[in-house]
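Let me begin by presenting the structure, written as structure tokens, before commenting on it.
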Protein chains: 2
Amino acid sequence: MAEITGTGDPARSLSLLWRLVEPAPRGRGAEAGLSVDRVVDAAVALADTEGLGALSMRRLATDLGVGAMTLYTYVPGKAELLDLMVDSVLGEFPSLYSPAADEWRARLEALARASWTQYERHPWLLHVAASGRPPLGPGVLTKYELGLQAVDGTGLDEVAMDAVFTLIEGFVAGTARGVVDQVAAEEATGITETEWWEATAPVLDRVYDPERFPTVTRVGPVAGEAQQAAYDPRRAFEFGLARLLDGIAVLIDDAPSTPITEVLPEKSPWP
Amino acid sequence: MAEITGTGDPARSLSLLWRLVEPAPRGRGAEAGLSVDRVVDAAVALADTEGLGALSMRRLATDLGVGAMTLYTYVPGKAELLDLMVDSVLGEFPSLYSPAADEWRARLEALARASWTQYERHPWLLHVAASGRPPLGPGVLTKYELGLQAVDGTGLDEVAMDAVFTLIEGFVAGTARGVVDQVAAEEATGITETEWWEATAPVLDRVYDPERFPTVTRVGPVAGEAQQAAYDPRRAFEFGLARLLDGIAVLIDDAPSTPITEVLPEKSPWP
DNA sequence: AGGGCTAGTCGTACAGTGTACGACAAGGAA
DNA sequence: TTCCTTGTCGTACACTGTACGACTAGCCCT
């Protein structure tokens with residue numbers, strides 16, 4: 001299961017994210033010299049180096065030289081800690097993306113590559129299910145601000161601007177997840193992607209019926225050979241990004257202001 | 001953490017996926033009348049109704065009226081069970097997608113919607129990290145075959161066909177994940193998406209500096225109001241699919257055979 | 001200076017997880 | 001009948017997040 005975020009009441013989470021009530025430590029407090037920031041930083045460091053799987057409250061407490069339950073003084077629970085971690089690392093986004101170009105396409109491409117780099121540095125971001133109900137702290141908003149700036153000045157209305165940013169973000173996250181999954185698989189099995197493919201391809205060749213999957217028989221081996229794997233995420237990123245930007249260009253150039261709102265049905269995403 | 005697939009040696013997994021060695025039950029075997037298929041079906045049913053979180057070996061065994069360790073007679077471990085589950089439900093794809101239209105765009109759109117429906121029925125698919133090293137069983141290949149057929153006849157070469165299918169698949173999975181995450185958040189908190197947004201928006205309004213996030217200040221509220229949430233996955237799906245197909249159209253119409261292989265750098269997706 | 005209260009610390013406990021190990025028993029083969 | 005194969009499954013281990021309550025160090029007030 002993916003780790004869930006956005007649990008707990010919104011007001012509590014928001015005041016934590018914006019550090020509204022940094023509680024000047026009193027009583028026995030200063031003993032360990034802890035703070036929300038120190039806890040979050042240690043958690044990020046742990047997740048960066050050893051993965052989200054290694055991030056347990058006990059382990060984090062040990063890293064901080066403190067008992068497990070002590071963490072709950074600074075953070076209501078693990079879900080909120082993850083919120084804070086996400087917001088914290090997203091705040092680094094400006095250091096990865098400098099909105100130089102005055103061509104929108106170059107800006108969006110740079111945005112996508114910066115986002116990719118971010119997932120590269122903090123792969124665990126992809127395992128935190130924050131897509132709905134994002135932790136709306138300063139870090140998240142900073143990234144959102146820069147993303148919107150990249151699509152600004154294209155003639156798109158506000159709703160479309162948000163939609164374009166969301167589309168690119170989701171695309172990058174999807175392809176980055178491919179890399180993370182592959183790295184995780186390599187670490188878990190000790191077999192590299194190429195080795196796995198070389199072990200799988202010949203066995204598969206003999207096991208399945210070419211007449212049942214004619215198109216796969218024609219396409220699969222060619223694609224597999226070209227990628228030396230069943231799936232090459234970096235290729236998928238380059239290919240998909242080009243297609244995506246082409247599609248966005250159609251929207252920007254051809255129909256400067258088509259409100260998408262009208263083309264959509266009414267409500268209820270899920271039955 | 002996401003559940004990992006593709007562990008264990010490829011040959012063993014493949015023979016399981018293709019049911020190469022269905023072991024005619026002997027000895028005390030027939031006692032419970034179990035089989036790989038019965039185990040997999042029960043696991044799918046459990047994950048469908050109660051989510052991947054409820055799928056534990058103990059719970060599954062209880063559902064089948066059997067001791068926990070008995071399952072390991074039929075399945076080497078949970079990872080392989082997940083492989084089998086994925087392949088099993090992907091095999092249902094033909095019932096969702098009928099490749100009628102002779103317009104490629106209509107075909108790809110139908111493909112995307114069918115895939116969306118599949119994730120709707122089996123949301124746990126999105127929590128199984130199978131993107132790299134997919135379980136190459138009959139079910140996976142069936143979906144792959146239909147997907148490739150949908151892009152066939154467009155003049156694209158084999159590598160591009162695979163890339164287009166992968167792009168659409170990844171896009172659908174990404175937006176569907178948004179829905180699943182939101183549903184999960186609603187179930188975990190008891191607060192609907194709209195309620196959460198209504199509780200969050202005003203607090204957020206007062207907490208952050210409009211001058212620090214000028215574009216967000218302009219765009220955010222409009223987008224949020226239009227979606228009654230921070231993120232509306234169904235909208236994102238409709239919007240993104242249109243852009244994606246536009247971008248693919250550029251590839252198909254304008255440049256009938258540009259081998260993407262040449263535009264790409266050489267190796268190593270990750271450092 | 002002395003007492004009381006507050007607030008940070010953390011040991012223990014509970015209900016879970018996947019699965020290694022080994023004991024057991026039932027059926028077929030000799 | 002005896003043996004051996006093969007499926008069954010109880011127990012155990014090292015984990016997880018966190019509720020509860022006991023403990024105590026330091027600040028404030030008298």
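Note on naming: letters A, B, ... go to the chains in the order of the sequence lines (proteins, then strands), and numbering restarts at 1 for each one. For clarity, every value in this text was computed on a predicted model and none was experimentally measured.
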Separation of D:dG17 atom P from A:Glu80 atom CD, nearest Å, is 13 Å
Send over the distance from A:Leu52 CG to D:dG17 P, rounded to a whole Å.
10 Å
Measure CG/A:Leu64 against P/C:dG8 and give the value in whole Å, please.
16 Å
Show the numbers, then the answer: is there a side-chain contact (heavy atoms from CB on, under 4.5 Å) between A:Leu60 and A:Leu55?
CA-CA 6 Å; A:Leu60 178 57; A:Leu55 176 64; 4.2 Å; yes
Between CG of A:Leu81 and C1' of D:dG17 the distance, given in whole Å, is 12 Å
Who passes salt bridge (charged side-chain N to carboxylate O under 4.0 Å, His left out) against B:Arg212, sequence neighbours left out?
none
Atom CG of A:Leu125 and atom CD of A:Glu120: how far apart are they, to the nearest 0.5 Å?
12.5 Å
Base-contact (B) and sugar-phosphate-only (S) positions in nucleotides 13-20 of chain C, heavy-atom cut-off under 4.0 Å, - elsewhere:
B---BBBB
What is the distance, to the nearest angstrom, from the CG atom on A:Leu60 to the P atom on D:dC15?
17 Å
If the plane angle is over 60° it's perpendicular, under 30° parallel, otherwise tilted; pick one for B:Trp18 and A:Phe213.
perpendicular
Below the 4.0 Å mark, does D:dG7 have OP1 or OP2 next to a side-chain nitrogen or oxygen of B:Thr73?
no
Looking at B:Tyr74, I'd like to know whether one of its side-chain N or O atoms comes within less than 4.0 Å of OP1 or OP2 on D:dT8.
yes
Would you call B:Lys143 and B:Glu169 a salt bridge, using N to O less than 4.0 angstrom?
yes
State whether the side chain of A:Glu80 and the backbone N or O of A:Val75 hold a donor-acceptor pair below 3.5 Å, judged by distance alone.
no
